[in-house]
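Numbers restart at 1 for each chain; the letters A, B, ... are given by sequence-line order, proteins then strands.
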Amino acid sequence: MKRLQEKLKTKISALLGDAYDLAGVEWGFALPNERKFGDLSATLAFALAKKAKAKPFLLANDIAARLQGQLDEIEEIRVAGGGFINFFLRRDAFLQAQQRDRDQPLPPRGEKVIVEHTSINPNKSAHIGHLRNSCLGDVLARCCRFLGYEVEVQNYIDDTGIQVADVVWGLLHYWKMDLAAIKEVPDLAAMLWDLYAEVNRLFAGDEALAAQRREVHKKIEDKAAPEYEICLHVAQQVLLDHIRTMERVGIQYDLMARESDVIALDFFKAAAAELTGSGVMLPSADPEKKGCLVIHYEREKIEKIIVRSNDTITYVGKDIAYNLWKFDLLGRDFHYRPFHTYPDGHPVYMTSSAPAPAPPRAFGRGDRVYNVIDVRQSYLQNLIAQVLTQLGHPAAGANFVHFSYEMVALTPACVREMGLQLEAGEESKPYIEVSGRKGRAVKADDLIAMLNEKSLREVQARNSELGADEALKLARAIAVAALRYFMVKFNLNTVIAFDFREALNFEGDSGPYLQYAMVRLNSILRKAAAADLEAAANAGAMSVLPGPEKELYWEMLLHLSLLETQVEYALQNHEISSLAAYAYGLCQKFNHYYHLFPMLAEKDPVLRALRLGLLLLFRNKVAKLLVLLGIDIPERM
RNA sequence: GCACCCGUAGCUCAAAGGAUAGAGCAGCUGACUUCUAAUCAGCAGGCUGAAGGUUCGAGUCCUUCCGGGUGCGCCA
C-alpha cells in the first residue's frame, strides 16, 4: 500500500503539473473512515485552494476530471465533502498484488539504531513502571528491526550509585550480614525490595545514619572491602534477576553497559576535553556553585552542574559521555565480555574495563539512538541533545531521541488493596506514583505470577484434557500477551493509573483476544488442509463475491495492506499504541467475518477458495504484527 | 516562579487538522447440534473542562481561564 500511494502521488503530480503549480503544496492520502468515501482520499484540492484562493470544491472537480481514466490502479474518482478527491481502487488487481507481494521482506536500510531501555537500578526487583519501559523499548526495537535497521539493545546499569550503597549499608549494618551470608540468599532482589524501602525510611529521619550511608558509598568508590565486593555481588545478582524477569515476557538485550566501566575507562575525561574546549562547559559564575563546572540549559535558562566543587562528576556528566560513545563521538571504547546466554542461544555482552578479546560484533557506533526513559527525565535528555549539537554534531543531535513516556501510577484504591499505607492527603489524589524507594509498587514478578495463575485457571476450564505441562506453557503465553498488550496499548503521554482488574483482563481489547483470533484462524486452515481443501495463495477475483461479503472482504484486505505503513507511523510518531490498536482492529474484522461466512462448510469452491485465500493473507500479516508486539500464537486456546 | 503533560460515555482509554467523535469494561437483549462463545450481533450511554480566535473544516492548532499531574538537587 505504501508503494502504491507513492506511485499514485508521483503520477498525479505529473498529470497535474501543467495545469497547477504544485510546488510547496503539502498533500497526501488518507484512508477514509467509511468506504463509501473511497479507498484513498486526497486533500489536494484543499491545499491547492488555500494557495490559489479558489473554491476547493471546484478545484477538486477539475482535478478529478483531469485524472479520470489516467491511473491504472484506480477504478473511479469521485469528489465529495466539499473538496475531498476520493479514489476507488481496482479491487481484483489490488488483491492479486497483495497476494503476490506478501512475503517480500523490507530492504535493509544500512543504518544502525541503538535502543536503550530498562536501565533499572540494580538494587531491587523490577516493578510495573519498569515493565512499561521494557515493553515499549522492546516493541520499538522490534519495529526498527522489521523496517530494516540494524538494532542493538542496550541496558544501562548504574552499579555505582547511592541506591546500591543504600542496600549495601542495610545488609551490612542493619541486617548485620557478611558477604558469605549474602551469597546464600536465594532470592536476593526480592529481599532487597523490602530492605531498600526500610532503609530509606530510616535515613529520612536520621542524619547520623545518612552519614553512615555516605561513608559506605565512599568505600564502594574506593573499592574497600567488604563494601565493594558486596556491591558487585548485589548489582550482578539483581541484574540477573531483572534479565530473568524480562526474559519471562520475551525481552532480550544485546549489551549491558555499566556505569562503573564508564568511570573506570575515564569516558568523562574525553567528553570533558570536548566540552571545555568548545566552551559548552564553564566554571559557574554563581557564588553558590563556586568551583563547579556547569552547562547552560538554553530551553529553561538554567545551569546544570556537571562537575561538582569536589571534582566528582554528576549523573548527567556520565550520561553525556555514554551517549557520545553511542554515536562513536568519544574516541574511546569499552572492553566487552560475554555475560549471559539466552536459551535460544542469543548472547548478552557486558562492558568491561579490563582488556578482553574483541567481541564478534562491534557495539555502539549508532546512526540513531533511542533512549526509552520516562518523561520525568526530559530535562536531562533535552540537555544531552543540546550538548550534542553544541559540540558540532548536529546529525547526532537530531538523531538522539528521547523516547519519552508517562509514568505508571497506582490509584489510592490500588494502594489500599495491596495493604500499603497512604500518606496524608494522598487519599484524594487521582493517582500516586510508584516508588521502589518507598516500596510502593506492584512487583513485576508478582504481576506476572498473578497473570499466570489466572491464565492457567482459564486454560484448565476450557481444555480439561490438556496435560499439566502443556497447560502451563499455554497459560504463560497468554499471560505474556495480556501483559505486553496492556503495557503498550496506552498512548505514551497517558499516565497509566494501574488497575489489577484491567491488567488481568483477557477479553475484548486485550492480548489474548488477538491470540484467540489467530488460533481460530489457524485451526480453520489446519482443518482445510486435512480435508484436502487447498487454501490457495492466489485465490481468484473478489468481484465474484456477493455484495455484503465483498465489502467486508475488501475492508479486511485494505487494512491488511497497511502493515508497513502502520509500523512506520508508529516509529515516526512515537506511538507504539497505534500498533496495538491496528492489531485489535484487524482481529475484530476477522471475528466479524468469521461469524458471518463459513469457510470450510462453504459448498461453492470459488467462494471457499477466496475466503481461505484471505485467511492466508491475514495470517501472514498479523503473525508479523504479533511478532512486533512480542505476542506468541499458541496452538490452541 | 520557569518548563512540560493531561482534561472526551458511569469507568479505563482511542480518534494521524478532515466527512456522522469510536472501542473495551460495567449495564441490558439476543446467538453455541454448525470452521474454538477468551467470540459475535444489538440496545443504552457525549454541548470533547470553559470562553474566545485561526481555518473550507478544530477533540486536535493559537490565546486566556478553570481543574489535575510532572520536572527544575553539588541524588542517580
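Residue Pro598(A) is in base contact, counting any heavy-atom pair closer than 4.0 Å across all strands shown. Residue Lys454(A) is classed as having no contact, given no heavy-atom separation below 4.0 Å to the nucleic acid. Nucleic acid contact class of Gln566(A) (heavy atoms, under 4.0 Å, all strands): base. Residue Ile305(A) is in base contact, counting any heavy-atom pair closer than 4.0 Å across all strands shown. Backbone-only engagement by Thr494(A) is indicated by non-hydrogen atom pairs under 4.0 Å involving sugar-phosphate atoms exclusively.
Straight-line distance from the NE2 atom of His592(A) to the C1' atom of A23(B): 15 Å, rounded to whole Å. Atom CG of Leu492(A) and atom P of C13(B) are 14 Å apart (whole Å). As a whole-Å value, the separation of Leu614(A) CG from C35(B) C1' is 15 Å.
Using a 5.5 Å limit on the distance between ring centres and a 30° limit on the angle between planes, the aromatic ring of Phe84(A) counts as stacked on the six-membered base ring of A19(B).
Aromatic ring centroids of Phe267(A) and Tyr322(A) lie 6.0 Å or more apart. The ring of Tyr431(A) has its center no closer than 6.0 angstrom to the ring center of Phe498(A). Here the two rings, on Tyr379(A) and Tyr297(A), have centers that are under 6.0 Å apart. Checked against a 6.0 Å centroid threshold, the rings of Trp169(A) and Phe203(A) count as neighbours. In this structure, the ring of Phe506(A) has its center no less than 6.0 angstrom from the ring center of Tyr516(A).
Within the structure, every side-chain polar atom (N or O) of Ser578(A) is placed at least 4.0 Å from both OP1 and OP2 of A15(B). For Lys527(A) and U36(B), the shortest distance from a side-chain N or O to OP1 or OP2 is below 4.0 Å. Contact check, Tyr516(A) against A38(B): a side-chain N or O comes under 4.0 Å of OP1 or OP2. The shortest distance between the side-chain N/O atoms of Arg462(A) and the OP1/OP2 oxygens of A38(B) is below 4.0 Å. Contact check, Thr43(A) against G18(B): no side-chain N or O comes under 4.0 Å of OP1 or OP2. Checking the phosphate oxygens (OP1, OP2) of A76(B), no side-chain nitrogen or oxygen of Asn121(A) falls inside 4.0 Å. Proximity of Tyr594(A) to the phosphate of A37(B): a side-chain N or O atom is located under 4.0 Å from OP1 or OP2. Phosphate contact (OP1/OP2 of A37(B), side-chain N/O of Arg520(A), threshold under 4.0 Å): present. The phosphate of A15(B) (OP1 or OP2) has a side-chain N or O of Asn491(A) nearer than 4.0 angstrom. Distances shorter than 4.0 Å separate some side-chain N or O of Asn591(A) from OP1 or OP2 on C40(B). For Tyr593(A) and C35(B), the shortest distance from a side-chain N or O to OP1 or OP2 is not below 4.0 Å. When the side-chain nitrogen and oxygen atoms of Arg308(A) are compared with OP1 and OP2 of C75(B), one or more of them lie within a distance under 4.0 Å.
For the atom pair CG of Asn522(A) and CZ of Arg526(A), the computed distance is 6.5 Å after rounding to the nearest 0.5 Å.
Here, A51(B) and U60(B) have their P atoms 12 Å apart, quoted to the whole Å. Comparing G59(B) with A9(B), their P atoms sit 15 Å apart, to the nearest whole Å. With C1' as the reference atom, G45(B) and U39(B) are 23 Å apart, rounded to whole Å. For the C1' atom pair drawn from U12(B) and G27(B), the interatomic distance equals 16 Å after rounding to whole Å. C25(B) sits 41 Å from U64(B) when the P atoms are compared, rounded to a whole Å. Comparing the same atom, C1', in C56(B) and in U63(B) gives a spacing of 23 Å after rounding to whole Å. A gap of 48 Å separates the P atoms of U34(B) and G49(B), to the nearest Å. On the C1' atoms, A16(B) is 14 Å away from C61(B), given to the nearest whole Å.
Tested against Phe84(A), the residues Phe46(A), Phe37(A), Phe57(A) include a single ring pair (Phe, Tyr, Trp, His ring centres under 6.0 Å) partner, Phe46(A).
A donor-acceptor contact under 3.5 Å links the side chain of Ser309(A) to the base of C74(B). One cannot find a donor-acceptor pair under 3.5 Å joining the base of G71(B) and the side-chain atoms of Gln377(A).
As the counterpart of C65(B), G49(B) is assigned, both hydrogen-bonding distances of the Watson-Crick or G-U wobble pattern falling under 3.5 Å.
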